[in-house]
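This report concerns only the one structure given below.
Residue numbers begin at 1 in each chain, while the letters A, B, ... track the order of the sequences.
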Number of protein chains: 2
Amino acid sequence: MSADPTPARRSRRGTGAVTLHEVARIAGVAPITASRALNTPDQVSEEVRKKVQDAIAKTGYVPNRLAGSLASSRSKLVAAVVPTIAGPVFLETIQSLTEALAEKGYQLMLGQSGYADSREDALLDAIIGRRPDGIVLTGIMHSEQGRQRLKAAGIPVVETWDLTPSPIDMLVGFSHEQVGRAAVAYFKARGRTKLAVVSGDDERAARRTQGVVAAARSAHLPAVTVMNVPAPTTLRSGREALSELLSSRKDFDAVFCSSDLLALGVVTEARSRRIPVPEQLSVMGFGDLDFAADVLPSLTTVRVDGTAIGRKAAQFIVDRAEGRAVKDRVVDIGFEIIERQSA
Amino acid sequence: MSADPTPARRSRRGTGAVTLHEVARIAGVAPITASRALNTPDQVSEEVRKKVQDAIAKTGYVPNRLAGSLASSRSKLVAAVVPTIAGPVFLETIQSLTEALAEKGYQLMLGQSGYADSREDALLDAIIGRRPDGIVLTGIMHSEQGRQRLKAAGIPVVETWDLTPSPIDMLVGFSHEQVGRAAVAYFKARGRTKLAVVSGDDERAARRTQGVVAAARSAHLPAVTVMNVPAPTTLRSGREALSELLSSRKDFDAVFCSSDLLALGVVTEARSRRIPVPEQLSVMGFGDLDFAADVLPSLTTVRVDGTAIGRKAAQFIVDRAEGRAVKDRVVDIGFEIIERQSA
DNA sequence: TTGAAAGCGCTAACAA
DNA sequence: TTGTTAGCGCTTTCAA
């Protein structure tokens with residue numbers, strides 16, 4: 001209830017929001033002291049802490065992190081790039097990444113690159129311009145230009161969901177090629193040798209397909225029939241793919257699908273044609289989405305611990321941001337084939 | 001190729017990144033002129049534009065948007081809050097929101113509030129602190145404290161996926177209660193009167209359930225059997241719910257599910273028990289997820305145009321940020337029952 | 001069309 | 001433990 005004649009007067013700039021300056025003035029301390037009361041409370045006396053708390057409560061002050069970030073060169077912002085958020089595959093990773101970061105006081109910025117590489121460049125600029133403390137890529141960065149920019153920016157980068165011999169910086173993923181090989185071994189061990197693949201046309205799925213083809217060849221199995229469908233994959237494209245596969249009159253007794261949704265589509269189409277799964281046709285998916293265990297027949301699939309990927313990526317970046325050395329900068333998270341009814 | 005003896009010397013602060021200052025120096029203009037060449041190229045001569053472009057290309061300059069935002073009070077950042085990114089429901093909205101914003105040069109920040117309200121407060125602070133140009137909430141903000149903070153922050157807010165008579169600011173959604181009522185009308189018109197509901201325990205699903213219960217009552221139908229399952233909903237919880245429903249010995253010939261995943265679970269469990277759908281049991285889902293049309297039997301479901309919600313929200317916020325007046329601040333996007341095989 | 005000066009709100013560095 | 005000073009890198013304001 002002061003008699004201040006101009007209670008809300010502001011200079012011509014700014015938003016009119018409460019600033020640390022005002023909090024400090026009300027608390028009767030210097031701005032930097034108020035700053036310390038907030039950020040490094042141990043460096044400040046009990047008394048000061050209390051006064052500042054009160055002033056904050058009274059004013060509803062919310063620190064302007066743009067200013068803080070600019071001054072300290074630490075934004076507490078992490079960018080994640082996904083092809084599209086709509087594909088269910090990376091969701092677990094994004095979720096655990098967001099959570100793990102939030103726990104440490106970091107916020108996530110989301111960028112969608114699309115499955116085409118075209119927008120990636122503009123996206124990269126938008127991201128780098130915010131000076132995030134880290135960038136998490138789903139997949140690896142291929143364009144040499146992109147790699148250069150990221151390196152030049154000096155921002156910690158984690159590539160995920162893939163392996164490469166030459167990561168930009170840090171990496172947590174697994175070998176898609178090995179997934180394909182493991183699938184072939186699985187089928188072969190169960191007497192299935194006439195293999196088909198239904199695959200999304202994104203790059204990682206394509207490498208799983210290559211793994212299947214290569215492994216089949218070295219095991220002297222018949223040539224693998226490959227059917228590509230556009231990414232992101234859907235149940236429908238799985239159904240259509242099986243239809244086409246059947247009408248192609250190729251012979252096959254097992255199908256490896258590049259996603260669980262495709263696998264469910266294949267299983268569904270098989271059911272509508274009264275083709276018994278797995279008796280006549282074995283089907284394997286990829287992803288172990290939450291429905292995989294509970295559909296009929298339940299889906300045999302490849303499980304990748306997307307949550308662990310997100311957590312590990314968060315840890316990598318936070319460690320770096322807090323100045324800790326990161327020693328093992330490449331983590332192979334592996335995968336696992338979950339045996340269920342469909343294969 | 002200057003003979004500068006200390007080519008990369010920096011002051012003790014800063015990151016060492018190229019600044020506009022440097023670009024300007026190389027281009028031989030004042031920093032503000034370089035700034036204009038970037039942001040308002042019309043205000044600058046062709047010659048200057050060219051020199052600045054060259055300097056940028058030579059240095060790999062990426063503007064620091066933290067600094068820009070601080071100076072201009074416009075962050076070009078929009079925050080989105082979802083309960084969890086893992087539920088498929090909001091994905092479409094987030095995707096179209098991200099895209100529509102990216103087109104206008106805005107970036108999305110993602111926050112997960114969890115289905116419990118506890119973390120919402122900390123999240124709100126983290127968000128407001130970044131001074132986004134807008135905040136998109138999935139669902140409406142209930143806590144009076146949260147509403148106050150958002151209003152106090154003076155940031156444009158769009159609540160989505162719901163209706164309320166008292167929005168904080170802008171809103172694009174639909175009535176969940178009406179969805180429930182429409183489902184009852186649909187069932188009734190097809191001779192189904194003994195209704196059951198399987199519902200996630202989140203608040204919007206609960207209101208759909210209330211709609212069903214209320215409509216059944218006013219239509220003098222038998223009491224609705226309600227089964228709640230924890231959110232986020234899964235195919236498995238749908239299967240379990242039908243099991244419980246059956247063992248409860250209640251009589252019902254139609255089930256309204258609060259998500260397509262639940263509906264698929266109910267259908268799956270029915271199949272495993274040889275209960276014919278829809279002959280003996282009608283099943284309706286919610287969401288029209290991409291698999292709904294292609295499973296067997298295909299799912300009758302409630303379709304909400306999540307993409308439109310995201311687009312509209314983006315438009316609301318961009319309009320506000322660019323200083324345009326927004327007239328109709330509440331949009332009811334409606335919904336639609338898609339008739340398919342399951343009901 | 002171009003520029004000089006003065007901040008935006010905060011924190012690093014140094015000093016007391 | 002607290003404070004002073006000087007920026008962080010950009011854009012607004014005002015002037016030429």
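The separation between B:Q43 atom CD and D:dT13 atom C1' is 13 Å, rounded to whole Å. Residue B:K51 contributes atom NZ, which lies 11 Å from atom C1' of C:dT2 at whole-angstrom precision. Whole-Å rounding puts the B:L20 CG to D:dG9 C1' distance at 8 Å. B:H21 has its NE2 atom 12 Å from the P atom of D:dG7, to the nearest Å. Rounded to an integer number of Å, the gap from A:K50 NZ to D:dT2 C1' is 20 Å. The distance from atom CZ of B:R74 to atom P of D:dC10 is 17 Å, rounded to the nearest whole Å. For B:R25 and D:dG9, the CZ to C1' distance is 15 Å, given to the nearest whole Å.
Under the 4.5 Å side-chain criterion, counting only non-hydrogen atoms from C-beta, B:L77 is in contact with A:R130. Residues A:Q315 and A:R324 have side chains not in contact (no heavy-atom distance under 4.5 Å, counting atoms from C-beta outward). Residues A:V23 and A:T59 have side chains in contact (heavy-atom distance under 4.5 Å, counting atoms from C-beta outward).
One side chain, A:Q95 or B:T84, offers a donor N or O that lies under 3.5 Å from an acceptor on the other. Looking only at atom types and distance, the side chain of A:E120 has no donor-acceptor partner in the side chain of A:S143 under 3.5 Å away.
Residue order along DNA chain C, read from the 5' end via each residue's closest nucleotide, puts B:V44 first among B:R131 and B:V44.
Contacts between residues 53-71 of chain A and DNA chain D, defined by a heavy-atom separation below 4.0 Å, involve A:L70, A:A71, listed by number. Contacts between residues 32-39 of chain B and DNA chain D, counted as heavy-atom distances below 4.0 Å, involve B:I32, B:S35, B:N39.
Nearest heavy-atom pair across B:P156 and B:D169 is CA-OD2, 3.3 Å.
A 6.0 Å sphere centred on NZ of A:K151 holds more than 12 heavy atoms belonging to other residues, nucleotides or ligands.
A donor-acceptor pair is defined here as one N or O able to donate and one able to accept, closer than 3.5 Å; such a pair exists between the side chain of B:S75 and the backbone of B:R131.
Contact annotation: A:S45 reaches the phosphate of D:dT2 (side-chain N/O to OP1 or OP2, under 4.0 Å).
By the side chain to side chain contact (heavy atoms under 4.5 Å, CB included) test, A:E144 is found to be paired with A:R147, A:Q148, residues two or more places apart in sequence or in another chain being considered.
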